[in-house]
Amino acid sequence: MKRIFVFFSMMTMLATGAKAQTARYDIVPLPRSIAVQQAPGFVLSEKTAVVYADGLEKEARFLSEYVEEMTQMKLGVRPFAKKSDARGNITLSIAAPDKKKVVAEPNEEAYTIEVTAKGVAIGGQTAAAVFRGVQTLRKSLPIVEETAQVVLPAVKIADEPRFGYRGMHLDCSRHFFPVEFVKRYIDLIALHGMNKFHWHITDDQGWRFESKKYPKLTSIGGWRSGTVVGRNSGIDDGIRHGGFYTQDECREIVRYAADRHITVIPEIDMPGHMVAALAAYPEFGCTGGPYEVEHTWGVFADVLCPGKEQTFKFVEDVLSEVIDVFPSEYIHIGGDECPRDRWKKCPLCQQRIKDEGIKGEGKQTAEDHLQGYFTKRVEKFLHAKGKRLIGWDELLGCDVDVTSTIMSWRGAEPGAKAAKLGHDVIMTPNSPMYFDHYQTDKTNNEPLSIGGNSPVEKVYAFEPVAADLTPEQAKHILGVQANVWAEYIYSTQHVEYQVLPRMAALAEVQWMQPDQKNFEAFKERVARLKAIYDLHHWRVAQHLFKK
């Protein structure tokens with residue numbers, strides 16, 4: 001392929017002069033099939049228009065913006081009216097399924113790109129598929145300050161992702177990040193071919209989602225009066241920190257993501273990680289408080305009280321508001337790291353255990369099963385609202401229905417176990433998929449992180465599907481996600497530093513078949529992707545690029 005690109009570069013120089021630049025299709029993630037044709041390519045210029053079929057105007061406008069961003073050319077955008085509109089232009093269309101091919105489970109994000117001397121055609125069965133093709137064309141373009149023409153070598157690209165769930169997570173509870181940065185983060189997700197944004201917006205250190213029914217969740221729970229310095233040093237900075245997203249701002253973010261074919265999955269962590277909520281409404285805890293929004297990091301004994309019926313009313317009221325704002329099929333309820341200390345001493349929790357006939361068995365106590373009771377009530381409520389529950393792998397000990405999806409964070413093993421039990425699974429093991437970890441073992445000059453070491457190579461090497469899963473069990477591995485927890489991440493630039501270029505490695509894990517991956521080739525491709533990072537002034541870790 002390299003010789004073919006060199007050949008076309010030489011032909012381009014001869015045909016159009018030294019000002020012409022040539023596109024390259026070996027991008028991140030690498031498309032499944034790139035068939036470069038021995039024929040003249042397409043010359044992209046300001047005379048080119050983006051012509052779109054019904055329902056694809058947004059995708060066309062995105063492509064026009066991307067082309068201008070990369071090449072300084074301003075392409076017109078107009079609807080497809082007649083056959084001749086395709087000549088000399090870029091055409092976006094919804095392609096009907098090929099009746100000759102019998103596909104049991106068609107991939108809704110599969111797309112094709114065909115480049116000839118006459119024009120460029122991007123097609124897919126859905127707008128999301130066309131958008132993925134638009135991203136591929138975008139990343140193929142050279143970045144130039146001033147050019148008259150860009151040559152796209154003649155090619156046929158046929159591509160589709162390996163996994164339907166390709167996600168990134170961002171914790172805005174430990175440190176609050178503004179709406180504009182959340183949008184910027186979504187832009188990064190789109191660039192890398194991902195389609196899910198897992199938004200962590202409540203925790204012990206801050207409640208970020210506006211509730212109309214419980215306004216103190218943000219007026220009190222959204223702010224802490226100080227933050228511990230370093231790793232729970234015992235020194236507090238005494239600086240008030242907080243903020244929250246109004247429901248209108250959340251809807252705005254949902255729309256922004258949806259325009260880019262990304263689903264926002266909100267996480268309201270329960271019954272643990274609820275101290276910020278209890279600071280606002282102490283009546284929902286076992287002791288009645290007083291509670292304070294946490295300044296430090298870790299796991300805290302004060303959690304929601306499942307012995308009180310009013311607790312469930314509170315949970316259902318808040319989740320109803322969440323459901324009204326977020327159209328996602330999934331609602332994430334966390335379910336992790338929930339101590340049972342208070343439940344053991346709470347008369348109401350013990351009465352609930354007695355009334356419900358909850359008993360301990362084996363290594364699991366009655367209080368362990370009380371969390372199962374809590375979770376199943378929430379699960380039933382979400383089902384009645386037409387939603388699916390998703391949570392961390394601790395839910396496997398809560399007797400949740402197999403309709404609940406498990407996020408495997410304590411390694412990959414819980415995910416494999418969940419798949420064998422019939423649960424759908426998202427693989428997000430803390431090593432290597434916690435991007436708040438260090439990305440080198442030489443940490444002296446690195447910004448403070450929680451620990452760990454997940455370099456780009458380790459991310460790239462991760463295989464989400466365990467070898468001992470049967471084909472039927474393997475189908476339950478829906479996809480892969482990386483998480484960014486923000487205990488030690490104070491700034492938006494630090495977030496960018498933690499995710500780039502690891503997101504590129506993750507993108508190839510999510511998109512490509514295992515036998516197609518090649519780390520050495522990836523390093524060459526990601527070096528060119530870095531030019532787009534630099535164009536946007538994103539802060540990038542340099543470990544992979546150092547000679």
Check whether any side-chain N or O of [X] sits under 3.5 Å from a backbone N or O of [Y] as a donor-acceptor pair, and report yes or no.
X	Y	answer
R388	I331	no
Q310	E283	yes
D204	M274	yes
T126	E108	yes
Q542	V540	yes
K308	C286	no
D436	A486	no

Should [X] and [Y] count as an ion pair when the cut-off is N to O under 4.0 Å?
X	Y	value
E109	R166	yes
K212	D324	no
R377	E309	yes
R255	E252	no

Spacing of [X] atom [atom1] and [Y] atom [atom2] [to the nearest 0.5 Å]:
X	Y	atom1	atom2	result
I27	K139	CD1	NZ	4.5 Å
D302	T287	CG	OG1	5.0 Å
L395	S404	CG	OG	7.0 Å
K196	T263	NZ	OG1	4.5 Å
H437	S431	NE2	OG	7.0 Å

Inset, instruction - For R539, enumerate each residue passing the salt bridge (charged side-chain N to carboxylate O under 4.0 Å, His left out) test, keeping only those at least two apart in sequence or located in another chain. - result: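 Residues passing salt bridge (charged side-chain N to carboxylate O under 4.0 Å, His left out) with R539: none at all.
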Legend entry - salt bridge (charged side-chain N to carboxylate O under 4.0 Å, His left out) partners of E496, counting only residues at least two apart: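 For E496, the residues satisfying salt bridge (charged side-chain N to carboxylate O under 4.0 Å, His left out) (neighbours in sequence not counted) are R184.
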Would you kindly say whether [X] and [Y] are connected by a side-chain donor-acceptor distance under 3.5 Å?
X	Y	result
E446	N444	no
Q247	E321	yes
Q135	R138	yes
H537	D534	no
Q493	W538	no
Y256	D187	yes
H273	E337	yes
S454	Y438	no

Inset, instruction - Flag this pair as yes if the NZ/CZ of K530 is under 6.0 angstrom from the six-membered ring centre of F545 and inside a 45 degree cone about the axis; otherwise no. - result: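 Judged by the rule (NZ or CZ under 6.0 Å from the ring centre, within 45° of its axis), K530 counts as positioned above F545.
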Any idea how [X] and [Y] line up, ring-wise: parallel (<30°), tilted (30 to 60°), or perpendicular (>60°)?
X	Y	answer
W485	H169	tilted
F181	Y185	tilted
W392	W409	perpendicular
Y281	F284	tilted

For [X] and [Y], which heavy atoms make the closest approach, and how far apart are they?
X	Y	value
A474	V465	CB-CG1, 3.8 Å
V28	A504	CG1-O, 3.6 Å
V480	Q510	O-NE2, 2.9 Å
P266	I201	CB-CD1, 4.3 Å
V459	P432	CG2-O, 3.6 Å
C338	Q371	CB-OE1, 3.6 Å

Could you list the donor-acceptor pairs under 3.5 angstrom formed by side chains in residues 214-222, with sequence neighbours left out?
residue: Y214; atom: OH; partner: D317; partner atom: OD2; Å: 2.7
residue: T218; atom: OG1; partner: P215; partner atom: O; Å: 3.2
residue: S219; atom: OG; partner: P215; partner atom: O; Å: 3.4

Legend entry - Sequence neighbours excluded - ring-ring contact (aromatic ring centres under 6.0 Å, His included) pairs with any residue from residues 229-248: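 Matches after skipping sequence neighbours: H175-H241, F176-Y245, W199-Y245.
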Inset, instruction - Output all residues satisfying side chain to side chain contact (heavy atoms under 4.5 Å, CB included) with V228, sequence neighbours left out; order by chain, then residue number. - result: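 In terms of side chain to side chain contact (heavy atoms under 4.5 Å, CB included), with neighbours along the sequence ignored, V228 is linked to N232, S233, T296, W297.
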Inset, instruction - Quick one: list whatever passes side chain to side chain contact (heavy atoms under 4.5 Å, CB included) with P339, sequence neighbours left out. - result: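 With neighbours one apart ignored, the set is V299, V303, D341.
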Inset, instruction - Decide side chain to side chain donor-acceptor pair (under 3.5 Å) for T405 and H423; before the verdict, give the C-alpha distance in whole Å, the side-chain angles of both, and the deciding distance to 0.1 Å. - result: CA-CA 6 Å; T405 297; H423 290 274; over 6 Å; no
Legend entry - Residue K183 excluded, over 12 heavy atoms near NZ under 6.0 Å: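 For K183, atom NZ is crowded (more than 12 foreign heavy atoms under 6.0 Å).
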Legend entry - Enclosure of K458 NZ (heavy-atom neighbours >12, cutoff 6.0 Å):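 Counting other residues, nucleotides and ligands, NZ of K458 exceeds 12 neighbours.
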Sequence neighbours left out, what passes side-chain hydrogen bond (donor to acceptor under 3.5 Å, both in side chains) with [X]? Give chain and number order.
X	answer
D401	T403
E508	Y460, R525
E329	none
D171	R174

Inset, instruction - Determine whether the aromatic ring centres of Y533 and H192 lie less than 6.0 Å apart. - result: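 Close enough - the centres of the two rings lie under 6.0 Å apart.
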Legend entry - Check: F374 ring centre within less than 6.0 Å of F312 ring centre: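 Distance test on ring centres: under 6.0 Å, yes.
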Inset, instruction - Enumerate the residue pairs fulfilling salt bridge (charged side-chain N to carboxylate O under 4.0 Å, His left out) with a member in residues 263-273, sequence neighbours excluded, ordered by first and then second residue. - result: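 Qualifying pairs, neighbours excluded: none.
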Legend entry - Pairs satisfying salt bridge (charged side-chain N to carboxylate O under 4.0 Å, His left out), at least one member in residues 410-421, at least two apart: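 Applying salt bridge (charged side-chain N to carboxylate O under 4.0 Å, His left out) to every pair that reaches into residues 410-421, excluding sequence neighbours, yields D393-R410, K420-D468.
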Legend entry - Derivation and outcome, salt bridge (charged side-chain N to carboxylate O under 4.0 Å, His left out), residues E379 and K376: CA-CA 5 Å; E379 179 183 42; K376 283 187 282 188; over 6 Å; no
Inset, instruction - Decide yes or no on side chain to side chain donor-acceptor pair (under 3.5 Å) for H369 and E356, but give the supporting numbers first. - result: CA-CA 11 Å; H369 287 290; E356 297 296 333; over 6 Å; no
